[in-house]
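Have a look at the structure below before the remarks.
Letters A, B, ... mirror the listed sequences (proteins, then strands); counts begin at 1.
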Protein chains: 2
Amino acid sequence: MKSVSNVAAFRPAIASVSQRSQFDIVIRKLRSFDHVADEDVSVLASAVSGTRSFDTCASIVTPGKTPPHISALLEGWAGRYKILRNGARQITALYLPGDFIDLHSFLPTKTDDGVIAFSGCKTAQVSHESLQQITETEPRLTRLLWRSTLAAAATHREWLTIMGQMSAGAGTAHLICELYTRLKAVRLADNHRFCCPITQLTLADTLGLSTVHLNRSIQALRAKNLIQWHRDKVTITDWDQLVDWGEFDPTYLQMNEPVG
Amino acid sequence: MKSVSNVAAFRPAIASVSQRSQFDIVIRKLRSFDHVADEDVSVLASAVSGTRSFDTCASIVTPGKTPPHISALLEGWAGRYKILRNGARQITALYLPGDFIDLHSFLPTKTDDGVIAFSGCKTAQVSHESLQQITETEPRLTRLLWRSTLAAAATHREWLTIMGQMSAGAGTAHLICELYTRLKAVRLADNHRFCCPITQLTLADTLGLSTVHLNRSIQALRAKNLIQWHRDKVTITDWDQLVDWGEFDPTYLQMNEPVG
DNA sequence: CGGAGTATTGAGTGACATCAACGCGCGTGG
DNA sequence: CCACGCGCGTTGATGTCACTCAATACTCCG
């Protein structure tokens with residue numbers, strides 16, 4: 001666990017034009033699931049009360065504390081994690097731009113896990129009250145938001161399969177396919193290339209591997225000419241084989257458009 | 001994968017008195033999360049269109065097929081699973097009496113996993129249309145159902161932590177604690193004893209272990225005098241130590257009452 | 001130019017998997 | 001009632017994937 005300097009910049013409560021256009025990424029994400037009515041877009045966008053910025057390694061949600069609002073990620077990568085007594089850390093979710101981070105927190109749920117920024121991040125906030133109101137008056141939008149939490153749960157199940165049954169190499173391939181597919185859905189990746197701002201340590205904690213072994217798994221993928229990985233630039237040089245090796249089937253991501 | 005003889009017994013669509021009392025277990029489960037209004041109980045119970053019975057090893061949801069209705073488990077244990085090319089099976093969820101099995105299926109989600117009965121099971125059905133209607137007119141009940149899917153997601157994250165970071169023995173201890181706690185919440189367990197109708201093979205596929213190693217993990221727990229396990233009867237002889245060894249914190253189960 | 005963080009490599013160890021055999025309880029059929 | 005077979009639990013021997021420890025490179029940054 002790194003230091004936790006939370007550089008939060010509160011904005012005025014009235015959604016500005018620029019704020020709204022930043023929020024587009026969230027709409028793009030929701031549209032990747034299904035058609036979204038313009039009216040629902042308006043309702044959701046106007047529910048945003050402000051944005052916050054986080055430095056790398058800043059704590060977005062502190063373990064054990066229920067945040068006073070729900071957040072959607074506008075920029076950067078973040079992740080949910082849990083720490084065990086021996087210091088081991090498991091990343092249980094990776095949040096990419098457009099993802100809701102803790103949509104579940106508006107229901108009086110308790111969690112003992114935290115959310116950390118893996119790169120510089122910006123989030124948009126919606127108050128619990130606003131979301132509660134949406135569930136009262138906007139059933140269609142409510143179903144859409146519910147659905148986005150269900151897609152997250154399906155991703156959890158896929159990761160369970162990776163960790164329980166797949167080899168380190170296959171799991172790594174699978175995760176790379178997932179990240180590319182999710183980024184592409186919000187137009188942050190294309191041509192089998194994407195920017196991966198997180199370290200191998202983070203990826204290792206996600207896959208339940210040691211950094212050493214993850215590194216060797218990545219190198220095995222390189223040796224097979226399936227990927228290139230230089231600093232934070234990842235290029236998938238053989239998508240079909242990577243998909244095959246990782247047994248990646250994007251069905252669980254619930255997207256309505258094909259991948260390529 | 002065993003044979004799949006689906007002995008389904010359809011009942012008339014009008015909920016009978018006995019059917020309604022069977023459905024009580026689902027209400028008990030929902031009440032374990034939060035207070036449930038009597039009106040919501042009525043609405044939900046009247047949405048039940050019938051029950052079905054399944055033999056051990058019967059397929060409750062066939063992989064790849066979207067079921068025409070959603071199901072809640074009234075009796076028996078079931079589980080969601082995914083099979084890989086090499087035949088490896090990962091159990092991604094264990095369903096106990098009172099749990100909704102595929103509450104997510106009413107939203108047009110696709111899944112390539114299946115649900116299988118681990119013991120004789122009975123389910124109650126609610127049509128997608130009824131559930132859709134509930135989301136239109138019953139926001140409070142909708143939030144409650146949403147919440148139950150969020151608790152399932154939190155359980156997935158806990159299992160990710162088990163599989164990624166915990167030893168086989170600690171993970172086994174954790175799962176035993178979880179099962180007892182969940183069963184106790186619906187009054188199917190007490191006094192640190194419960195009936196576990198599933199085989200070690202199933203538990204091993206849940207924890208991502210081989211049967212041999214799971215068996216040795218269980219025996220280690222026995223040797224420490226933490227549990228007794230004879231046929232399908234499990235007795236936790238030292239709850240505090242089992243909780244400690246498995247680092248079990250029931251927070252993620254979202255229950256509003258203490259455990260003991 | 002030094003230092004911190006990250007990536008990479010090597011060597012040794014350990015946890016868990018695999019393979020194989022045996023016991024045990026239970027249901028079934030003779 | 002017993003013989004048989006099947007599913008499941010248990011045990012031992014052996015193999016291997018991934019972890020740990022440790023050291024070295026690379027890159028960025030001050």
Side-chain angles (χ1 to χ4, degrees), chain A residues 1-3 5 55-57 77 84 86-90 116-120 162-173 175 195-223 227-234 245, chain B residues 1-3 5 55-57 77 84 86-90 116-120 162-173 175 195-223 227-234 245:
Chain A
M1 289 287 61
K2 322 290 157 50
S3 84
S5 70
D55 283 340
T56 302
C57 292
W77 289 28
L84 295 185
N86 66 1
R89 178 180 71 161
Q90 177 66 39
I116 187 174
F118 292 134
S119 67
I162 291 175
M163 296 215 302
Q165 308 298 336
M166 291 175 61
S167 68
T172 305
L175 184 58
C195 179
C196 179
I198 65 181
T199 67
Q200 290 187 3
L201 171 61
T202 305
L203 282 174
D205 284 350
T206 303
L207 289 164
L209 300 172
S210 66
T211 51
V212 173
H213 201 64
L214 173 71
N215 181 274
R216 288 182 172 130
S217 300
I218 290 173
Q219 293 190 46
L221 294 176
R222 280 201 272 243
I227 63 166
Q228 289 172 7
W229 195 321
H230 185 63
R231 308 225 39 82
D232 59 352
K233 303 297 180 210
V234 179
W245 174 230
Chain B
M1 290 283 60
K2 322 291 155 50
S3 84
S5 70
D55 283 340
T56 302
C57 293
W77 290 28
L84 296 184
N86 65 1
R89 179 179 72 160
Q90 177 66 39
I116 188 174
F118 292 135
S119 66
I162 292 175
M163 296 216 302
Q165 307 299 335
M166 291 176 63
S167 69
T172 306
L175 184 58
C195 179
C196 179
I198 65 181
T199 67
Q200 290 188 3
L201 171 61
T202 305
L203 282 173
D205 285 351
T206 303
L207 290 164
L209 301 172
S210 66
T211 51
V212 173
H213 201 64
L214 172 71
N215 181 274
R216 287 179 173 136
S217 299
I218 290 173
Q219 293 190 46
L221 294 177
R222 278 202 273 243
I227 63 166
Q228 289 172 6
W229 195 319
H230 184 64
R231 306 217 50 76
D232 58 354
K233 304 298 180 212
V234 179
W245 174 230

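Residues T172(A) and S217(A) come closest through the heavy atom pair OG1-CB, 3.7 Å. Between L84(A) and M166(B) the shortest heavy-atom distance is CD1-CG, 3.4 Å. In this structure, H213(B) and A168(B) approach most closely via the heavy-atom pair CD2-CB, 3.5 Å. Minimum heavy-atom separation, A88(B) to Q165(A): CB-OE1, 3.5 Å. Between T56(B) and F118(B) the shortest heavy-atom distance is CG2-O, 3.5 Å.
Per the geometry, CE belonging to M163(A) stands 19 Å off P belonging to dA15(C), to the nearest Å. Whole-Å rounding puts the L214(B) CG to dT11(D) P distance at 13 Å. For L203(B) and dC8(D), the CG to C1' distance is 13 Å, given to the nearest whole Å. Q219(A) has its CD atom 5 Å from the P atom of dT8(C), to the nearest Å. When the P atom of dT27(D) is taken as reference, atom CG of D232(A) falls 13 Å away, rounded to whole Å. Atom CG in L201(A) sits about 14 Å away from atom P in dT8(C), given to the nearest Å. Summarising the geometry, the separation between NE2 on H230(A) and P on dT8(C) is reported as 10 Å, rounded to the nearest angstrom. With rounding to whole Å, I162(A) atom CD1 is found 19 Å from dC17(D) atom P.
Between the axis at the start and the axis at the end of the helix from dC1(C)-dG30(D) to dG30(C)-dC1(D) there is an angle of 30°, using five pairs per end and rounding to 10 degrees.
For the contact set between residues 205-213 of chain A and DNA chain D, defined by any heavy atom under 4.0 Å, the members are G208(A), L209(A), S210(A), V212(A), H213(A).
In this structure, Q200(A) reaches the dT8(C) phosphate: one of its side-chain N or O atoms is under 4.0 Å from OP1 or OP2. Within the 4.0 Å cut-off from OP1 or OP2 of dT8(C), at least one side-chain nitrogen or oxygen of N215(A) is found.
At a cut-off of 3.5 angstrom, the base of dG10(C) holds at least one donor-acceptor pair with the side chain of R216(A).
Sorted pairs that involve residues 162-171 of chain B and meet salt bridge (charged side-chain N to carboxylate O under 4.0 Å, His left out), not counting sequence neighbours, are lacking altogether. Residue pairs meeting the salt bridge (charged side-chain N to carboxylate O under 4.0 Å, His left out) criterion with at least one partner in residues 205-220 of chain A, sequence neighbours excluded, are R89(A)-D205(A).
Rounded to the nearest 0.5 Å, atoms CG (L207(B)) and CE (M163(A)) are 11.5 Å apart. Distance check: Q228(A) CD to I218(A) CD1 gives 14.0 Å after rounding to the nearest 0.5 Å. Rounded to the nearest 0.5 Å, atoms CD1 (I227(B)) and CG (L221(B)) are 4.5 Å apart.
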If you restrict it to nitrogen or oxygen atoms, what contacts under 3.5 Å exist between nucleotides 22-29 of chain C and the protein, and what is each distance?
none

Donor-acceptor list for residues 195-204 of chain A side chains, cut-off 3.5 Å, not counting sequence neighbours:
unit_1: T199(A); atom_1: OG1; unit_2: L201(A); atom_2: N; d: 3.4
unit_1: T199(A); atom_1: OG1; unit_2: T202(A); atom_2: N; d: 3.3
unit_1: T199(A); atom_1: OG1; unit_2: T202(A); atom_2: OG1; d: 3.2
unit_1: Q200(A); atom_1: OE1; unit_2: N215(A); atom_2: ND2; d: 2.9

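Side-chain proximity of R222(B) to the nucleotides dC16(C), dG9(D), dT10(D) is greatest for dT10(D).
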